[in-house]
**Student:** 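Would you mind keeping the following structure in view while I ask a few things?
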Amino acid sequence: MEISKCCLLLLVSSSLYYIVCSSTVSHDGRALVIDGQRRVIFSGSIHYPRSTPEMWPDLIRKSKEGGLDAIETYVFWYGHEPRRREVVYNFEGNYDLIRFLKEVQNAGLYAILRIGPYVCAEWNYGGLPVWLYNIPGMQTRTDNQPWKDEMQNFTTLIVDKVKEERLLATQGGPIILFQIENEYGNGDIEIHYGEAGHRYINWCANMAESLVSDVPWIMCQQSDAPQPMINTCNGFSGCDAFTPNNGNSPKIWTENWTGWPKNWGYPDPHRPVEEVAFQVARFFQSNGTVQNYYMYHGGTNFGRTSGGPYIVTSYDYDAPLDEYGNIRQPKWGHLKELHASVKLMEKALTYGEVDEDHLGNGLTITKFSGEGIVPGCFLSNQNSTVDATISLQGTKYFLPAWSVSILPDCKKEVYNTAKVKTQTSIMVKKKDDAGDQSKDLRWSWKPERLHDSAKGFGSSFTVNKLLEQKTATVDASDYLWYTTNVEVSKKESITLSVNTTGHILYAFVNGRLVGSEYATGGTYNFTFERKVTFKPGKNQISLLSATVGLKNYGAFYDNVPVGIAGGPVKLIGKNNTILDLSKSNCKGEELMLLLHLSLKTTFQAPLGSEPVVVDLLGLGKGEAWVNGNSLGRFWPNFTANPDGCKKCDYRGNFRVDKCQTACGEASQRWYHVPRSFLKRGEPNTLTLFEEAGGDPNQVNFQTVTVGTACASAGEGDVLSLSCQGGRTISSVDFATFGEPDGTCGAYVSGVCGSDEAVAISKDACLGRESCSIKISDKIGTSCAKLTSPRNLVVQVTCS
């Protein structure tokens with residue numbers, strides 16, 4: 001059927017016109033169909049609240065340059081409706097969803113809008129507003145009328161807003177897919193809701209389709225998704241074997257996890273680009289046509305938005321664009337080359353007939369071909385330990401273990417997932433060019449209330465039970481005081497015992513801190529016990545409960561209690577006599593009240609345009625602000641487990657603990673300060689709410705940039721190196737023909753011709769922001785003895 005495309009000519013000014021073209025979007029069992037053409041789509045997740053509006057254009061530009069066709073984002077109900085049914089919802093600042101989508105459109109990319117509105121995303125409370133918890137009769141994510149009323153109200157709000165701004169593809173906008181609900185069909189979720197859960201999924205589909213019917217809807221991880229919903233796949237691997245539940249649904253990978261979120265107390269997880277690329281290539285080899293990287297840029301959990309519990313403030317995710325927006329090499333570049341290679345065979349992938357030849361031992365040849373179509377081939381080696389050579393049409397191709405080669409014409413290999421040719425960049429943090437600010441910062445401190453309001457209760461309240469913390473605070477604060485009094489006839493040593501679902505507890509008796517404890521090892525309930533000397537007469541017991549992000553995943557996760565919910569709180573005296581205080585009159589106060597210090601200082605913004613971080617090593621735990629903008633929670637004295645960091649082997653299916661770094665180091669030391677938070681040429685204010693005590697004398701500001709870059713290329717290829725942020729190549733630190741020992745940043749030797757290689761590299765690269773060297777067969781007489789193909793390996797410093 002011939003599908004038309006309607007274009008509207010709009011007047012922008014007296015002399016400027018532009019054309020807005022509406023598109024048709026549909027699908028069949030092979031692919032998304034846009035304007036009548038089946039398409040291969042590469043997409044990447046960028047969550048608008050995890051960066052700033054000033055960062056969005058650059059992030060989107062780099063995504064497009066990396067070969068993406070679309071940007072995907074969740075919609076964060078938590079931020080848009082912080083209070084129920086406000087007349088004015090929050091679409092300001094980094095919650096300006098419409099502005100974000102228009103930036104995507106301005107870049108010429110598509111958008112995939114995952115409304116949810118439950119999102120998980122390691123976001124506080126799974127992205128749901130916590131006021132839902134206190135609605136009578138509420139049970140989220142099931143066939144429950146109070147929940148469906150609130151969910152439909154918000155979903156309708158978002159759909160109406162994007163329609164009003166004409167952001168659907170059928171209106172000339174970028175949105176080609178919507179998503180309703182999220183990961184509900186995971187094996188540990190829907191089954192717990194029973195038949196009510198199944199009814200709920202059907203209701204979600206009907207509700208979504210009633211709002212928009214001319215742009216497709218997806219449900220990820222939902223094998224029982226009703227038509228016309230498209231069910232999709234998430235995961236590190238396995239999506240090559242995924243089959244949609246309907247023959248008219250294309251094969252879509254909604255979340256290819258490029259890394260993993262980090263928790264307080266754990267090392268940094270990394271996913272090698274060779275493994276990411278292998279899984280992507282296998283997906284397209286297996287008839288996939290839409291693939292999204294989760295995340296392409298992870299960003300920062302500003303404020304108190306990180307969930308978990310115990311998700312750190314950084315949401316870097318080892319993504320192709322790092323937390324600050326820098327290009328992460330070689331991940332960004334190697335995937336860019338993959339995208340370009342797959343796109344060369346888009347017609348064959350979406351219209352060709354598929355012929356597979358399984359050779360045994362994990363070796364497969366897949367050919368896509370048809371009349372009038374240039375054939376395309378994938379050669380895959382799924383053996384994780386043994387390299388192989390495959391013969392195709394009389395030509396032999398070498399396949400490293402756990403790799404895929406792409407031959408867009410079934411003749412010439414243009415890409416192999418294990419053969420990384422793009423540069424490796426080692427990022428460094430540099431002290432501010434204005435000087436060592438850790439010595440210049442002048443600190444002031446004072447007891448100070450940073451927040452004082454308990455929704456529905458006033459600043460304090462008295463009840464005869466231990467309230468659940470979400471009920472009392474509605475998550476307006478991480479903190480809740482529980483205070484009571486007890487009479488003791490004589491001076492006595494008594495054990496104070498507190499059972500808490502915390503996550504952190506500070507205990508005071510008569511105004512003196514008697515102890516503290518925090519949850520560890522992924523278990524967030526514990527019993528705190530301390531011997532305390534009570535004085536004769538009235539004694540005041542004050543317990544401060546602190547949360548570190550609310551749970552964001554699991555069946556009925558929203559009902560998991562936090563705080564000293566029901567206790568018990570007991571006093572255990574001589575002869576094991578017990579006094580249960582759990583039902584005593586308990587005064588509660590929802591305060592961000594200083595335990596030790598509220599610290600303030602002023603500083604000048606670091607020079608230049610490179611991303612800025614503040615080094616908070618030496619501090620305890622709390623929250624930081626720059627000019628009133630929250631950088632998020634800090635906890636640099638919580639060190640990562642010293643075990644688990646070992647040599648990384650990309651081969652074989654990925655596990656979160658497979659390629660870790662930073663064992664035994666601070667869980668998070670550096671905190672992102674977006675440039676838009678800073679004022680140039682005038683004092684900026686850093687405020688630290690220090691919960692647990694610490695030394696601010698080491699605090700300093702730094703910028704993040706490429707320090708070292710390395711690349712390798714063989715005969716017939718081009719070796720390319722590039723700095724970022726306007727920096728230039730200041731020295732060639734190492735160059736050799738042949739394969740050197742060591743890795744980037746630590747090369748130690750080469751086979752031959754180091755002096756000659758250094759001279760060639762210096763001539764091409766010194767003083768330039770980027771350089772390219774064509775590797776010919778005439779690479780120097782001293783290296784003529786090397787076996788072909790010969791490689792040039794170069795390491796440079798950017799400054």
**Student:** Which heavy-atom pair separates Ser516 from Tyr506 by the least distance, and what is that distance?
**Tutor:**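 The pair with the smallest heavy-atom distance is CB-CD2, 3.5 Å.
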**Student:** Using ring-ring contact (aromatic ring centres under 6.0 Å, His included), reason through Tyr310 and Tyr266 one step at a time and then give a plain yes or no.
**Tutor:** CA-CA 10 Å; Tyr310 276 35; Tyr266 287 81; 9.0 Å; no
**Student:** With sequence neighbours left out, which residue pairs that include part of residues 551-571 fulfil the side-chain hydrogen bond (donor to acceptor under 3.5 Å, both in side chains) condition?
**Tutor:**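 For residues 551-571, and leaving out neighbouring residues, the side-chain hydrogen bond (donor to acceptor under 3.5 Å, both in side chains) pairs sorted by first residue read Thr140-Asp558, Asn186-Tyr553, Asp188-Tyr553.
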**Student:** Kindly say whether Asn182 contributes a backbone atom to a donor-acceptor pair with the side chain of Tyr118 at under 3.5 angstrom?
**Tutor:**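 A pair under 3.5 Å: no.
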**Student:** Just by distance, no angles: are the side chains of Asn301 and Thr313 close enough, under 3.5 Å, to form a donor-acceptor pair?
**Tutor:**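 No, no side-chain donor-acceptor pair sits under 3.5 Å.
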**Student:** Looking only at the side chains, is there a donor atom on one of Gln660 and Asp268 sitting less than 3.5 Å from an acceptor on the other?
**Tutor:**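 Gln660 vs Asp268: no donor-acceptor pair found between side chains.
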**Student:** At what distance, to the nearest 0.5 angstrom, does CG of Leu581 lie from OG1 of Thr484?
**Tutor:**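 So the gap between those two atoms works out to 6.0 Å.
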**Student:** Is a salt bridge present between Arg85 and Glu150, judged by a nitrogen-to-oxygen distance below 4.0 Å?
**Tutor:**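 A salt bridge is present here (some side-chain N lies under 4.0 Å from a carboxylate O).
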**Student:** Less than 4.0 Å between a side-chain N and a carboxylate O, is that true for Glu323 and Arg50?
**Tutor:** no
**Student:** Side chain to side chain contact (heavy atoms under 4.5 Å, CB included) between Glu81 and Phe154: does it pass, once the steps are laid out?
**Tutor:** CA-CA 8 Å; Glu81 193 177 2; Phe154 180 73; 4.0 Å; yes
**Student:** With the side chain counted from C-beta on, respond yes when Pro146 and Asp149 share a heavy-atom pair under 4.5 Å apart, and no when they do not.
**Tutor:** no
**Student:** List the steps, then state whether side chain to side chain contact (heavy atoms under 4.5 Å, CB included) holds for Phe508 with Ile541.
**Tutor:** CA-CA 6 Å; Phe508 298 80; Ile541 300 172; over 6 Å; no
**Student:** Looking at every non-hydrogen atom in both residues, tell me the closest pair between Ala662 and Ala640 and how far apart they are.
**Tutor:**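 Closest approach of Ala662 to Ala640, heavy atoms only: O-CB, 3.7 Å.
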**Student:** Apply the test side chain to side chain contact (heavy atoms under 4.5 Å, CB included) to residues Leu619 and Leu688: give CA-CA distance (whole Å), side-chain angles for both, the deciding distance (0.1 Å), then the verdict.
**Tutor:** CA-CA 9 Å; Leu619 294 178; Leu688 303 174; 3.4 Å; yes
**Student:** Using the ring of each side chain (for Trp, its six-membered ring), is Trp123 parallel, tilted or perpendicular to Tyr95, with breaks at 30° and 60°?
**Tutor:** perpendicular
**Student:** Return the set of residues passing ring-ring contact (aromatic ring centres under 6.0 Å, His included) with Phe638 (not counting sequence neighbours), or none when no residue passes.
**Tutor:**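 For Phe638, the residues satisfying ring-ring contact (aromatic ring centres under 6.0 Å, His included) (neighbours in sequence not counted) are Tyr518, Trp635.
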**Student:** Step by step, would you call Phe236 with Trp260 a ring-ring contact (aromatic ring centres under 6.0 Å, His included)?
**Tutor:** CA-CA 10 Å; Phe236 289 120; Trp260 198 245; 5.4 Å; yes
**Student:** Determine whether the side chains of Asp318 and His270 contain a donor N or O and an acceptor N or O closer than 3.5 Å.
**Tutor:**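 Yes, because at least one side-chain N or O of Asp318 sits under 3.5 Å from a partner of the opposite role on His270.
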**Student:** Applying salt bridge (charged side-chain N to carboxylate O under 4.0 Å, His left out), name anything that partners Asp143, two or more places apart in sequence or on another chain.
**Tutor:** Lys148, Arg199
**Student:** Is Asp615 reaching over with its side chain to a backbone N or O of Val613, donor-acceptor style, under 3.5 angstrom?
**Tutor:** no
**Student:** Atom OG in Ser51, atom CG in Asn94: separation rounded to 0.5 Å?
**Tutor:** 7.5 Å
**Student:** Between Thr547 (side chain only) and Gly549 (backbone N and O only), is there a donor and an acceptor less than 3.5 Å apart?
**Tutor:**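 No; zero donor-acceptor contacts below 3.5 Å.
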**Student:** Are any non-hydrogen side-chain atoms of Asn684 and Phe677 less than 4.5 angstrom apart?
**Tutor:** no
**Student:** Do we see a donor-acceptor contact under 3.5 Å between the side chains of Ser630 and Glu623?
**Tutor:** yes
**Student:** With sequence neighbours left out, write down each residue that passes side chain to side chain donor-acceptor pair (under 3.5 Å) with Ser545, or none if nothing qualifies.
**Tutor:**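 Checked Ser545 against side chain to side chain donor-acceptor pair (under 3.5 Å); matches are Gln469.
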**Student:** So, does Asn576 use its side chain to make a donor-acceptor pair with the main chain of Ile572 at under 3.5 Å?
**Tutor:** no
**Student:** If you look at every heavy atom in Val548 and Trp264, which pair is closest and at what distance?
**Tutor:**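 The pair with the smallest heavy-atom distance is CG1-NE1, 3.7 Å.
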**Student:** Would you sort out whether Phe689 and Tyr479 count as a ring-ring contact (aromatic ring centres under 6.0 Å, His included), showing the intermediate values?
**Tutor:** CA-CA 13 Å; Phe689 170 70; Tyr479 305 96; 5.6 Å; yes
**Student:** Does atom CD of Gln540 have more than 12 heavy-atom neighbours, drawn from other residues, nucleotides or ligands, at distances under 6.0 Å?
**Tutor:**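 Buried by this count: over 12 neighbours within 6.0 Å.
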**Student:** May I ask you to test the Phe528-Leu543 pair for a side-chain heavy-atom distance under 4.5 Å?
**Tutor:**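 No; the side chains remain at least 4.5 Å from each other.
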**Student:** If the condition is ring-ring contact (aromatic ring centres under 6.0 Å, His included), which residues does His47 pass it with, not counting sequence neighbours?
**Tutor:** Tyr74, Phe76, Tyr294
**Student:** Under 6.0 Å from the CD1 atom of Ile135, do we count more than 12 heavy atoms belonging to anything else shown?
**Tutor:** yes
**Student:** Between Asp224 and Gln222, is there a side-chain donor-acceptor contact under 3.5 Å, judged purely by atom types and distance?
**Tutor:** yes
**Student:** Just so I know, are the side chains of Arg633 and Arg304 near enough to count as touching, which here means a heavy-atom distance under 4.5 Å?
**Tutor:**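 The answer is yes, as the side chains (C-beta and beyond) meet within the 4.5 Å cut-off.
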**Student:** Going by side-chain hydrogen bond (donor to acceptor under 3.5 Å, both in side chains), Tyr200 matches just one of Glu190, Glu195, Arg141, Glu181. Which one?
**Tutor:** Glu181
**Student:** Salt-bridged, Glu492 to Lys490, with N to O below 4.0 Å?
**Tutor:** no
**Student:** Spell out, as yes or no, whether a donor-acceptor pair under 3.5 Å connects the side chain of Thr258 to the backbone of Met295.
**Tutor:**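 Yes: the side chain of Thr258 pairs with the backbone of Met295.
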**Student:** Taking NZ in Lys538 as the centre, count heavy atoms belonging to other residues, nucleotides or ligands within less than 6.0 Å. Is the count above 12?
**Tutor:** no
**Student:** Could you tell me if the side chain of Lys621 sits less than 4.5 Å from the side chain of Ile504, heavy atoms only?
**Tutor:**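 Yes; the side chains approach each other to less than 4.5 Å.
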**Student:** Do Asn144 and Tyr193 come close enough that some side-chain heavy atom pair is under 4.5 Å?
**Tutor:**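 In short, these two side chains do not touch, never coming nearer than 4.5 Å.
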**Student:** Side chains of Glu487 and Asn485 only: does a donor on one sit below 3.5 Å from an acceptor on the other?
**Tutor:**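 No, Asn485 and Glu487 have no side-chain donor paired with an acceptor closer than 3.5 Å.
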**Student:** Going through the distances and angles, do Arg114 and Glu255 end up as a side chain to side chain contact (heavy atoms under 4.5 Å, CB included)?
**Tutor:** CA-CA 12 Å; Arg114 302 174 72 187; Glu255 292 187 12; 2.9 Å; yes
**Student:** Between Thr577 and Leu571, is any pair of side-chain heavy atoms under 4.5 Å apart?
**Tutor:** no
**Student:** Counting N and O atoms only, with roles assigned by atom type, does the side chain of His192 sit under 3.5 Å from a partner on the main chain of Ala555, one being a donor and the other an acceptor?
**Tutor:**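 No; zero donor-acceptor contacts below 3.5 Å.
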**Student:** Hey, are Lys262 and Asp316 close enough for a salt bridge, meaning a charged N less than 4.0 Å from a carboxylate O?
**Tutor:**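 Asp316 and Lys262: not salt-bridged.
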**Student:** So do the side chains of Trp77 and Val119 get within less than 4.5 Å of each other, counting heavy atoms only?
**Tutor:** no
**Student:** Donor-acceptor pair, Thr483 side chain versus Ser542 backbone, under 3.5 Å?
**Tutor:** no
**Student:** Can you see whether Trp670 has Lys429 sitting over its ring - NZ or CZ less than 6.0 Å from the centre and within 45° of the normal?
**Tutor:** yes
**Student:** Using a strict cut-off of less than 4.0 Å between a Lys/Arg side-chain nitrogen and an Asp/Glu carboxylate oxygen, indicate whether Lys470 and Asp475 qualify as a salt bridge.
**Tutor:** no
**Student:** Do you know the tightest heavy-atom contact between Tyr524 and Asn263?
**Tutor:** OH-ND2, 4.5 Å
**Student:** Do Gln221 and Tyr184 meet the criterion of a side-chain donor-acceptor pair at a distance under 3.5 Å?
**Tutor:** no
**Student:** At what distance, to the nearest 0.5 angstrom, does OG1 of Thr685 lie from CG of Asn629?
**Tutor:** 11.0 Å
**Student:** With sequence neighbours left out, what residues match Thr500 under side chain to side chain donor-acceptor pair (under 3.5 Å)?
**Tutor:** none
